[in-house]
Amino acid sequence: PQGFAMEKGYGCALLKDADSLVEMCRQIVQGIRGIVAKLSIDPNEDKETYFQDVETQMYARKWAHTFNSYHPPKQVSFVMASVMTLPDRPLGQQLWAVEKYIIGSYRKHNNNYGYVSEAERSTPQAFSHFTYEASDHTMLICDIQGVGDMYTDPQMHTVE
């Protein structure tokens, strides 16, 4: 694996070679050119964190579908994410968050703290705003990042 990113307490690796992890992933997801596997840098990370992150991404995917049902000029999507268990790995390395590697120029459009990219892109901001309005101001999906309008690793803020 080739390390390429650190974010939100995870070390990320792009897996292109035919090592055992890639082969396992290929059995799960056919026809993709690479897998991103995320492992917490904290060996004592609560296992539920992996599942919560994947759940958030799948929830954002559902909201993207709703957003797209209004036929915006550009549709958005979130990559499918999964949690993979590798029971033969050492403790603290048995759970991995995995998703398809998005080919292209990766960009962060907004974040949890009010940052909004000055790039000439309205779609990511429109999606975040849509989630806030369509949820009756009870939720906001932000930390929008990815390639084009294929996003990954969002965050969700709620009134609760």
Applying ring-ring contact (aromatic ring centres under 6.0 Å, His included) to Phe51 and not counting sequence neighbours gives none
Please identify each residue that fulfils side-chain hydrogen bond (donor to acceptor under 3.5 Å, both in side chains) with [X], with sequence neighbours left out.
| X | result |
| --- | --- |
| His157 | Asn112 |
| Arg89 | Gln93 |
| Arg121 | Asp149 |

For residues 68-81, the side chain to side chain donor-acceptor pair (under 3.5 Å) pairs (sequence neighbours left out) are none
Sequence neighbours left out, what passes side-chain contact (heavy atoms from CB on, under 4.5 Å) with [X]? Give chain and number order.
| X | value |
| --- | --- |
| Glu55 | none |
| Asp88 | none |
| Asn111 | Lys108, Tyr113, Tyr115, Asp143 |
| Thr158 | Met139, Met156, Glu160 |

Exercise for review: Say whether Glu133 and His137, considering side chains only, have a donor N or O and an acceptor N or O under 3.5 Å apart.
Suggested key: yes
Quick one: do the Tyr151 and Gln145 side chains pair a donor with an acceptor below 3.5 Å? no
In Ile144, Ile141, Val116, the residue satisfying side-chain contact (heavy atoms from CB on, under 4.5 Å) with Ser128 is Ile144
